[in-house]
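Note sheet for the following structure.
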Amino acid sequence: MPDITTEVLIIGTGPAGSTSAALLSSYGVDNVVINRYHWLANTPRAHITNQRTMEVLRDLGREVEDEVYLNAMDQSLMGENVFCESLAGEEIGRMKSWGTHPLSKAEHLLSSPTFMNDLPQTFMEPILFKTACKRGTRARMSTEYISHLQDDEGVTTTCLDRLTGKELTIRSKYLIGADGGKSLVAENEDLPFEGNMGVGGSMNIYFRADLSKYVAHRPSVLYWVMQPGANVGGIGMGLVRCIRPWNEWLIVWGYDINEPAPEVDEAMATDVARQLVGDPELEIDLISANTWTVNDTYATEMSKGRVFIMGDAAHRHPPSNGLGSNTSIQDAFNLAWKMAAVVKGEAGEALLDSYTVERAPVAKQIVTRANQSIAEFGPIFEALGMTGGTEIEQIKANMDARCDATPDAEEQRDALNTAIAFKKYEFDAHGVEMNQRYTSNATVTDGQIEPDFALDADLHYQPTTWPGARIPHAWLFDEDGAKHSTLDLAGGGVFTIFTGLGGRTWADAARDVGEKLGIKIRAHVIGPRQQYVDHTGDWARAREVGDAGCILTRPDQHVCWRKDGTAEDPVLELTRVLTAILAR
Ligand code: FDA
């Protein structure tokens, strides 16, 4: 007899595990989450929180979204991405980042009802975990996953209760391995990976010090320090990252991965901080220090039978572009509704196959992007003359040369400007964050061709209602004039139909098909004197189908089918589509 029985067991209370738990509980699915430690993240690793993640949190409830904004550093403070010799020293360059450039800001505002922000993981995890527990998740801390065995009916997982030292078995229908970059679940299930672990070494130095005088006039979350003679790891660059403005900081500094990881004691941490801040007298209050490795690997299969992996368990990469926790939360959004539908008997198990089909390409994309972003610092080093040797005086002379009034120096300055501007692929890559489109059995295109990207797909989000894409955001208005995003009308754990006044038959069909299939389908007829009105015409321009057409969204707000106009038999059409998507 197992000690505990549940529908879904989740290993890990990080962003992936806690979001899965919060969503499953919101959908009414019994779940247990475990963590080998007694509490949540104790270092502020992830921080950049993008709009798509905020949409997931908004879908969990306005109180969740609001708590994030309350604790986060506002987007307006995120964006003066500075390159300098030290915080006290000469500034080398700067670029507007994270949606704060006026053009990018407009794109952000047009794309989503949410705002990018900077929320350290130490704040994010408690919000997600609390939401999960409040809504019914049973959490067990100090409980370590050891192994699992799956059969036709479910999974039996063996854990170690670290409080008693005793073994514990948990029986579940499904197992989610959200157990981070050293995932034992992925290893035990022998899931296939491509790429390499440990391609670089980094250390985190987490400390308190008031650095206002160096930064408050150029607010940013990231300050990149390029120094000749940077001797740890030889990468010539350190990162001073703001945790709380402007008195809590995290320095990220490299070490040579071919050497043993250094012991970062208080003396070493103080030395590094003094060097990067450029103040030999600086006193820091060291909170903690640790080392970590840069990884470049992703799972090509994110599930096997009843076992699923997500987050860092499936995609392991450097923090560049700030994609890790964001993608982890978005993995959970993809899987949770599918698992809920299967557990409740609303969908066949084959629906779960679409998880790996839809998310494994995203895992590959973000791991590739994050590692490429590290490589794209190269042209900055080259323009500064920091490559081609370790001779400090020579590097210093090369860097100084850009200040001359010569054609060579002008060329050097141009090269530096170009190299820095190119870093928008890391620091302002809205498309990478927002453009995920799925092709799987959980979408039905009826042969409609995927639209090409008119602009660079890494930099610019392109809205479309092509099945597989997330529903475009447009503001609609209720009878009091209050505004609601189309994303607010979708989601919430159910399928939703959007149609216009000419498409009432779709709304009627939604009710009939919902009753027939035993699922809830929400329907919105959008138009004058309806519950939601498109006063601006933005939705009419975005929907890519006519007024009598129909757009069907999944609980994760992705369009799964659309039709331009009415159908001879809308009930038959909707039944065909939903039985296909739900694998019935
Ligand atoms: P995560 O590692 O967070 O959680 C794993 C969980 O599993 C933990 O609760 C752990 O205790 C538990 N666990 C592991 N093994 C277990 C076992 N055997 N039994 C029980 N429990 C077990 N991302 C981002 O989106 N934006 C950003 O700006 C940054 N910035 C950033 C900076 C730095 C310096 C780092 C190092 C990382 C980032 N990241 C990031 C990445 C981000 O931190 C990372 O992607 C997420 O934490 C991944 O979340 P997961 O939930 O997948 O794993």
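As the structure lists them, so they are numbered: ligands from 1, and atoms in each ligand from 1.
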Of all the atoms in ligand 1, which lie at a distance below 4.0 Å from a heavy atom belonging to [X]?
X    : value
T143 : 20 (C)
G311 : 52 (O)
A16  : 51 (O), 52 (O)
Y37  : 11 (O)
I11  : 19 (N), 20 (C), 21 (N)

| query | So W39 and F129, would you call those rings parallel, tilted or perpendicular, with 30° and 60° as cut-offs? | reply |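 Perpendicular: the ring planes of W39 and F129 meet at over 60°.
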| In terms of the angle between their ring planes, are W224 and F427 parallel, tilted or perpendicular, with boundaries placed at 30° and 60°? | tilted
May I ask you to identify the nearest protein heavy atom to [atom], giving residue, atom name and distance to one decimal place in Å?
atom                    : answer
atom 49 (O) of ligand 1 : P15 CD, 3.3 Å
atom 9 (O) of ligand 1  : T13 N, 3.1 Å
atom 14 (C) of ligand 1 : D179 O, 3.3 Å
atom 33 (C) of ligand 1 : P319 CG, 3.6 Å
atom 27 (C) of ligand 1 : H47 N, 3.3 Å
atom 31 (C) of ligand 1 : R45 O, 3.2 Å
atom 25 (O) of ligand 1 : S325 N, 2.7 Å
atom 11 (O) of ligand 1 : N35 OD1, 2.6 Å

Heavy-atom pairs closer than 4.0 Å: do any link ligand 1 to the side chain of [X], the backbone, both, or neither?
X    : result
T49  : neither
L323 : backbone
I48  : both
Q121 : side chain

I need the minimum non-hydrogen distance between [X] and [Y], along with the two atoms involved.
X    : Y    : answer
E125 : A41  : OE1-N, 2.9 Å
R94  : I420 : O-CG2, 4.0 Å
F308 : Y355 : CD2-CD2, 3.7 Å
D30  : T5   : OD2-O, 4.1 Å
Y37  : M141 : O-CB, 3.6 Å
Q150 : R306 : OE1-N, 2.7 Å

From the options [options], select the one whose nearest heavy atom is closest to [atom].
atom                    : options               : value
atom 5 (C) of ligand 1  : P318, A178, S328      : A178
atom 39 (N) of ligand 1 : A46, S183, G12        : A46
atom 17 (C) of ligand 1 : W39, Y206, W292, Y145 : Y145
atom 26 (N) of ligand 1 : S20, G322, G324       : G322
atom 52 (O) of ligand 1 : N326, N290, D312      : D312
atom 4 (O) of ligand 1  : A332, A370, G14       : G14

Based purely on interatomic distance, does [X] place a nitrogen or oxygen under 3.5 Å from a nitrogen or oxygen of ligand 1?
X    : value
R36  : yes
R241 : no
G181 : no
L250 : no
N204 : no

| Counting distance only, does the side-chain N/O of H315 pair as donor-acceptor with the main-chain N or O of G311 below 3.5 Å? | yes
| task | Say whether, by atom type as modelled, one donor and one acceptor occur between the side chain of D265 and the main chain of E263 under 3.5 angstrom. | result |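 No: the side chain of D265 does not pair with the backbone of E263.
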| request: Applying side chain to side chain donor-acceptor pair (under 3.5 Å) between Y438 and each of R554, E358, R359, report the one that passes. | output: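 Answer to the side chain to side chain donor-acceptor pair (under 3.5 Å) test with Y438 among R554, E358, R359: R359.
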| task | Check whether any side-chain heavy atom of D285 lies under 4.5 Å from a side-chain heavy atom of F207, and answer yes or no. | result |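 Sidechains of F207 and D285: no contact.
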| said: Surrounding NZ of K364 (heavy atoms of other residues, nucleotides or ligands, distance under 6.0 Å), is the total greater than 12? | reply: no
| message | Under the criterion salt bridge (Lys or Arg N to Asp or Glu O under 4.0 Å), I'd like the reasoning laid out for R369 against E376: C-alpha separation, chi angles, the key distance, then a yes or no. | response | CA-CA 10 Å; R369 178 66 256 169; E376 285 168 359; 2.7 Å; yes
| field | From CA spacing to verdict: salt bridge (Lys or Arg N to Asp or Glu O under 4.0 Å), K304, D190 | value | CA-CA 9 Å; K304 198 187 270 182; D190 203 17; 5.3 Å; no
| query | In this structure, which one of T53, I127, L60, T114 forms a side-chain contact (heavy atoms from CB on, under 4.5 Å) with V68? | reply | I127
